[in-house]
Protein chains: 2
Amino acid sequence: MRKSATALAMTESTILKDADTNVPLYLKVARALQQQIAIGEYPIGSLLPTEVELGTRYGVSRQTVRQAIQFLRQQKLLSAKKGVGTRVEARQPQRGYYFALHSLTQIFQFAAEAALHVDREEEIEVRGALAAELASRPGRKWLHLVGTRQTIGNDLPISWTEVYIDGRYARLFRGSKIHHSAIFSAIENSSGEPVTEVQQEINATVLSKELAASLKAEPGSPALVITRRYFGAGHRLFEMSVNVHPADRFSYAISLKRELTWENEPGSKR
Amino acid sequence: MRKSATALAMTESTILKDADTNVPLYLKVARALQQQIAIGEYPIGSLLPTEVELGTRYGVSRQTVRQAIQFLRQQKLLSAKKGVGTRVEARQPQRGYYFALHSLTQIFQFAAEAALHVDREEEIEVRGALAAELASRPGRKWLHLVGTRQTIGNDLPISWTEVYIDGRYARLFRGSKIHHSAIFSAIENSSGEPVTEVQQEINATVLSKELAASLKAEPGSPALVITRRYFGAGHRLFEMSVNVHPADRFSYAISLKRELTWENEPGSKR
DNA sequence: ATCTATTTGTGCGTATGTATG
DNA sequence: TCATACATACGCACAAATAGA
């Protein structure tokens with residue numbers, strides 16, 4: 001005779017009476033909600049019943065409902081706003097594919113090991129197609145470096161490299177014949193502006209006579225062309241680089257791992 | 001005279017008296033803890049004081065401490081186990097770089113649009129180098145497909161493609177002259193075994209006479225070679241594919257975004 | 001423009017369950 | 001066996017944001 005709340009909510013709370021004992025209540029609620037969402041009972045963009053409402057429906061406390069909702073929010077299935085409610089964001093628990101690597105220097109590890117030897121350096125005012133490619137207003141100043149990347153003790157360059165650097169950071173690189181770290185990380189460290197996005201485009205080419213000479217490679221042999229664009233806050237591009245890698249000296253490897261959304265959730269057996 | 005707990009904990013609780021009002025208490029605690037970790041006060045691998053202990057130290061309830069710890073656990077700075085304690089996992093909030101794209105079909109969108117036209121199909125027992133490359137015991141059966149990927153209404157193939165499929169799933173692909181979806185997703189859908197990891201390797205080559213003929217391209221012209229390995233549960237490889245893309249018909253683009261760890265945290269001003 | 005009801009967010013108290021050593 | 005420490009669950013009170021009257 002202590003609580004009659006459960007009796008009032010038999011319709012839906014029965015869902016939670018799953019055989020699975022030892023599964024936390026809040027996960028059962030979360031699962032029930034997710035199913036309702038998957039079915040389309042709560043369409044994308046719609047508001048869920050209030051936390052209190054859900055609590056009485058399922059016969060659990062508001063705290064438990066909140067835990068369930070929080071769990072689903074971590075998976076980006078739900079979003080919540082004060083004074084408004086809890087909104088359905090997706091029908092499926094978007095399990096994205098993630099990089100197995102954790103830092104840019106790991107991803108572009110070669111840049112950390114291979115120093116950039118500058119053959120040519122010029123300050124330019126971008127115009128026309130180049131301005132468009134750099135998403136820059138014509139007339140803005142950029143620093144243009146051309147050279148090769150080489151590892152110590154190896155006279156064969158890993159790549160022929162061309163870099164465009166936002167004029168604001170030109171002073172960091174002017175006049176130096178060699179750069180030991182990656183350009184973007186030097187900018188990141190000195191300016192404190194973090195890289196928020198990197199776009200990469202990869203294509204193939206055959207080496208021209210000139211490029212082959214710089215790279216000490218065979219003219220007509222295959223090479224990878226990797227173009228990278230680095231963006232800071234506000235989606236502002238501050239560096240672009242073009243790297244030409246002879247195929248026999250470099251290959252590009254990435255590993256994607258699927259995220260396990262509830263890997264670290266205490267509940268549920270492991 | 002209601003609570004004297006705060007008085008006993010003046011030493012550390014003062015940390016929380018930051019000017020920042022309107023910042024939730026649990027975030028202040030989290031920040032304090034993170035600082036202690038960053039300093040090395042709580043080294044990696046060590047156990048934090050118990051939740052109750054931290055509560056009295058900072059003059060907050062155990063619930064609030066739990067919220068703070070949970071926040072840091074989401075960032076993989078901490079991990080907790082029943083009956084043991086809360087362990088320090090990292091000193092810095094590992095901000096990884098993530099794919100901007102969310103599903104494999106988006107990432108390899110061409111595969112969804114371009115059907116695989118099979119020119120040759122054979123059941124093989126792998127040996128030697130091939131067995132090693134497939135991480136398979138010699139003598140195991142694999143299905144080997146060779147063909148091209150083409151979009152409808154376009155007679156120029158996007159790629160010449162070679163696929164090795166674990167014998168267990170061979171029945172799904174045997175005898176078909178054309179496959180409209182990506183191989184891995186067909187396997188995923190029919191077997192329920194999810195892809196947990198994809199390794200990709202990208203290199204450049206020039207087209208041989210034979211390949212050029214299959215692709216209706218110029219011999220000696222550049223092409224991208226993309227090798228993909230698909231792993232299921234237990235890091236077991238179940239598919240490998242080699243794709244040769246003429247450079248002028250295909251380029252590989254990826255975008256990495258840095259994760260903002262507390263983007264969706266209700267607290268803190270936005 | 002103001003007030004008000006609604007809804008989520010924060011904070012704390014308490015009790016009990018359960019894995020660990 | 002037993003104390004320890006985190007995990008779950010419920011209760012309550014108030015703050016803050018929002019939308020609508």
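The sequence lines fix the lettering, A, B, ..., with proteins before strands; numbering per chain opens at 1. Remember, it's a predicted structure, so these values are computed and weren't measured experimentally.
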Starting at [atom1] of [X] and ending at [atom2] of [N], how long is that distance when rounded to a whole Å?
| X | N | atom1 | atom2 | value |
| --- | --- | --- | --- | --- |
| Leu48(B) | dT4(D) | CG | C1' | 16 Å |
| Arg66(B) | dA9(D) | CZ | P | 11 Å |
| Leu78(A) | dT7(C) | CG | P | 17 Å |
| Lys28(B) | dC12(C) | NZ | P | 11 Å |
| Glu53(B) | dA3(D) | CD | P | 20 Å |
| Leu25(A) | dA9(D) | CG | C1' | 8 Å |
| Ile69(A) | dG9(C) | CD1 | C1' | 12 Å |
| Glu51(A) | dC10(D) | CD | P | 14 Å |

Inset, instruction - Rounded to the nearest 0.5 Å, what's the gap from CG on Leu47(A) to OH on Tyr42(A)? Could you check? - result: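 Between atom CG of Leu47(A) and atom OH of Tyr42(A) there are 11.5 Å.
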Legend entry - Glu51(B)/Arg62(B) salt bridge by N-O under 4.0 Å criterion: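 Looking at Glu51(B) together with Arg62(B), the answer is yes, because their closest N to O distance falls below 4.0 Å.
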Legend entry - Carboxylate-amine/guanidinium contact Arg140(A) Asp166(A), below 4.0 Å: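 A salt bridge is absent here (no side-chain N lies under 4.0 Å from a carboxylate O).
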Any protein N or O atoms within reach of nucleotides 14-21 of chain C? Criterion: under 3.5 Å, listing atom names and distances.
residue : atom : partner  : partner atom : Å
dT14(C) : O4   : Gln63(B) : NE2          : 2.7

Legend entry - Tyr230(A) and Phe184(A) aromatic ring geometry - parallel, tilted or perpendicular at 30°/60° bounds: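 Ring orientation, 0 to 90° scale: parallel.
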Inset, instruction - Measure from the side-chain heavy atoms of Val60(A) and tell me the nearest of dC6(D), dC10(D), dA9(D). - result: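 Closest nucleotide among those given: dC10(D).
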Legend entry - Residue Tyr26(A), side-chain atoms from C-beta onward, closest of dG13(C), dT8(D), dC10(D):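 Side chain of Tyr26(A) sits closest to dT8(D).
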Legend entry - Under-4.0 Å side-chain N/O to phosphate OP1/OP2 contact, Thr86(A) with dT8(C):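 Answer yes for this pair, as a side-chain N or O of Thr86(A) is under 4.0 Å from OP1 or OP2.
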Inset, instruction - Compare every heavy atom of Ala170(B) with every heavy atom of Leu143(B), then report the nearest pair and how far apart it is. - result: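 Between these two residues, the closest heavy atoms are CD2-O, 3.8 Å.
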Inset, instruction - Write down the atom of Leu237(B), the atom of Glu133(B), and the distance for their closest heavy-atom approach. - result: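 Scanning both residues, the minimum pair turns out to be CD1-O, 4.4 Å.
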